[in-house]
Amino acid sequence: MTSFQSRVIHLFVECGLTLSSLQIFHKEFSMLFLNPAEVVFHHRYCFPILYSLLLNDVVIVDNQSEQTLDEMKFLLKTFQEVNFKVNSSKQQIVGPGIHNVTLLLQNNISSVIYSTPITFNEEIKDFKVTTKEYIGFHPHYFIINATVSQGAPISLSVQIKSIESNLSHFIGSLVCPRDCHSMVMKANLSQPGIYKVEAIAVNNISQSSSWTNIEALPQIYNVFISSLKPIPSYSRNYVYAFVRGDIGDYMMTIYLQGRPENHSFTISKLEYDHKDLPSLPFDAKFYKLIKVERVLYHIGMQQVTGFIRNSKQSFPFVGWVDVLETSSCLENLRIRDGNYQGGFEKPLKVFDYLTFNVDFKFTCKNMSEVRYKWLVFPVATDMDMATYTNEVEYEKESFEPELIIRADTLSPGLYVVKVKVTSENVTSDVLEGKLKDYTLIEIPKRKLHFVILGGNVLQADNNMTVLRFESSIDFNKYHRHISYNWFCSIKQEELPTRTVMGKIQRKGFKVFSNITLFKI
């Protein structure tokens with residue numbers, strides 16, 4: 001006689017969620033800002049599904065699910081409609097404009113992330129376009145500013161026409177998805193004349209236009225005054241004016257110790273060769289050099305003022321020259337490994353640290369003391385001048401001709417390094433010599449390296465319910481803010497790339513691997 005035993009077991013079967021099996025679709029999401037909004041998605045029926053909806057990184061709905069299986073829908077694979085309400089308070093958090101809405105569908109064995117844009121339209125008000133009255137020529141750009149008191153998203157189009165011929169000389173456009181109170185567009189022109197700047201701002205519910213007139217004529221962009229080295233008093237020497245501007249004719253009036261002097265000059269090209277000059281705190285190849293010969297009598301730092309005129313404008317400038325009582329006994333100052341061509345070559349990159357030294361010729365008296373002062377200035381490009389308004393507090397006066405710059409003491413970017421060397425008689429405190437030199441350095445962006453200790457594959461037996469992870473991070477003192485977020489998934493490709501997504505993914509479900517992560 002054969003006997004049978006029966007046992008009842010519970011088998012949990014779930015749909016494997018994929019984009020192809022779900023076939024998610026929706027209508028375009030375009031709505032009025034702060035009006036009641038409903039987001040509707042359609043997809044093939046599957047069970048079970050837990051829904052979450054995010055607007056950018058704002059959680060709209062979390063842990064919404066259907067509790068029971070509809071067998072008919074499952075067998076027929078009909079389309080399921082899922083609705084989400086986006087109230088005005090949630091819209092107010094993100095503001096008007098184009099945003100990203102993310103639908104997360106998940107169960108115990110799989111998950112799918114579906115993202116699409118959503119637009120909250122706000123009416124455009126008080127649209128205005130402005131720019132300088134006078135602008136220069138190519139390759140120099142000028143800025144067109146467009147502002148609104150409210151409105152987003154905005155599609156901005158700009159056209160610049162010659163008033164005389166009505167021909168278009170520039171057409172540009174941009175799309176501002178959100179935060180459109182101030183929009184900026186760069187433009188340039190190649191011919192002199194009077195032009196009309198026309199701008200149109202458009203979105204799905206409104207349109208506005210604005211215009212302004214400009215005149216293109218040669219411009220002066222920068223003036224740098226230098227004596228290149230200290231000038232001895234009561235002797236004839238040169239004061240140098242470096243002028244960056246458009247090709248054209250100009251008149252310069254310069255005041256040296258209260259006395260005006262006029263110099264007419266022409267900028268005939270955009271690049272010049274200044275390799276025979278000492279180092280300067282910017283790339284001098286884009287500057288026209290004007291020499292002014294003069295005898296200066298007052299001792300110390302002397303202010304030089306003046307202005308440069310074109311046919312309709314005046315460009316003021318201010319500079320300084322250093323006048324010594326006697327000829328300097330310091331000569332040929334150079335930062336070792338620095339600039340030797342009168343204009344910057346490629347910047348020196350500081351990956352870990354870089355040591356700078358100075359070389360110079362010393363002909364001062366035996367009872368002389370040499371002092372060194374190092375200064376560091378951030379600049380946007382090698383054509384920007386180092387000014388005291390953006391000096392970095394890096395080093396105080398040092399009696400050593402050496403400076404060590406470490407990459408972890410400055411934020412990434414370009415910097416001008418300047419050294420000032422002076423010689424004073426220790427018995428009489430008389431300044432005998434004074435020189436300065438410059439070089440350009442670059443601090444590259446730093447990388448943060450970390451590793452999960454224990455290897456790429458960690459195994460847990462049936463009795464182990466907790467796996468402890470540790471992180472090992474190499475960073476320098478410039479990395480002041482470091483945060484940790486731990487995420488877990490069954491498949492590597494399902495690991496979330498956004499923190500807020502990682503916090504809601506797998507939420508509310510049993511995780512079969514039963515892993516708890518501890519932040520150390």
message: Is there a side-chain contact between Leu217 and Pro192 in this structure, where contact means two heavy atoms from C-beta onward sitting under 4.5 Å apart?
response: no
- prompt: Is there any side chain to side chain donor-acceptor pair (under 3.5 Å) pair reaching into residues 124-140, and which pairs are they, with sequence neighbours excluded?
  reply: Asp126-Ser149, His138-Asn188
query: Do any pairs count as a side chain to side chain donor-acceptor pair (under 3.5 Å) and have a residue in residues 189-203, sequence neighbours left out, and if so which ones?
result: Asn203-Ser206
task: With rounding to the nearest 0.5 Å, note down the distance linking CE in Met31 to CD in Gln91.
output: 8.0 Å
query: Do the side chain of Gln257 and the main chain of Tyr297 share a donor and acceptor less than 3.5 angstrom apart?
result: yes
query: What pairs meet the ring pair (Phe, Tyr, Trp, His ring centres under 6.0 Å) rule with one or both residues in residues 246-270, with sequence neighbours excluded?
result: Tyr250-Phe265
task: Compute whether any side-chain donor of one residue and acceptor of the other, for Asn121 and Thr119, lie under 3.5 angstrom apart.
output: no
field: Exam field: side chain Lys420 to backbone Arg371, donor-acceptor pair closer than 3.5 Å
entry: no
message: Atom OH of residue position Tyr353 - does it have more than 12 heavy atoms of other residues, nucleotides or ligands inside 6.0 Å?
response: no
field: Asn237 and Ser235: CA distance, side-chain angles, deciding distance, side-chain hydrogen bond (donor to acceptor under 3.5 Å, both in side chains) verdict
entry: CA-CA 6 Å; Asn237 281 276; Ser235 64; 2.9 Å; yes
message: Checking Phe29 now: which residues fulfil ring-ring contact (aromatic ring centres under 6.0 Å, His included) with it, not counting sequence neighbours?
response: His26, Phe41
- request: Given side-chain hydrogen bond (donor to acceptor under 3.5 Å, both in side chains), test Thr355 with Asn357 step by step and report yes or no.
  value: CA-CA 7 Å; Thr355 301; Asn357 293 276; over 6 Å; no
- line: Separation between CG (Asn213) and CD1 (Ile160), nearest 0.5 Å, reads 11.5 Å
query: Is there a donor-acceptor contact under 3.5 Å from the side chain of Asp437 to the main chain of Val419?
result: no
message: Has Gln150 got a side-chain atom pairing as donor or acceptor with Glu123's backbone, closer than 3.5 angstrom?
response: yes
- request: Fit a plane to each ring of Tyr372 and Phe360, take the angle between them on a 0 to 90° scale, and name the class: parallel (under 30°), tilted (30 to 60°) or perpendicular (over 60°).
  value: tilted
statement: Value for CD1 (Ile143) from CE (Met185), rounded to nearest 0.5 Å, stands at 10.5 Å
message: Under the rule for side-chain contact (heavy atoms from CB on, under 4.5 Å), what residues qualify as partners of Glu28, not counting sequence neighbours?
response: Ser30
- prompt: Do Ser52 side-chain atoms and Leu104 backbone N/O form a donor-acceptor pair below 3.5 Å?
  reply: no
message: Under a 3.5 Å distance rule, please check whether Arg178 uses its side chain to pair with a backbone N or O of Gly95 as donor and acceptor.
response: no
query: Under 3.5 Å, is there a donor-acceptor pair linking the side chains of Ser182 and Thr147?
result: no
task: May I ask you to check whether over 12 heavy atoms, not counting those of Lys436, lie within 6.0 Å of atom NZ?
output: no
message: Once side-chain hydrogen bond (donor to acceptor under 3.5 Å, both in side chains) is applied, do any residues pair with Lys312, and if so which ones, sequence neighbours excluded?
response: Glu215
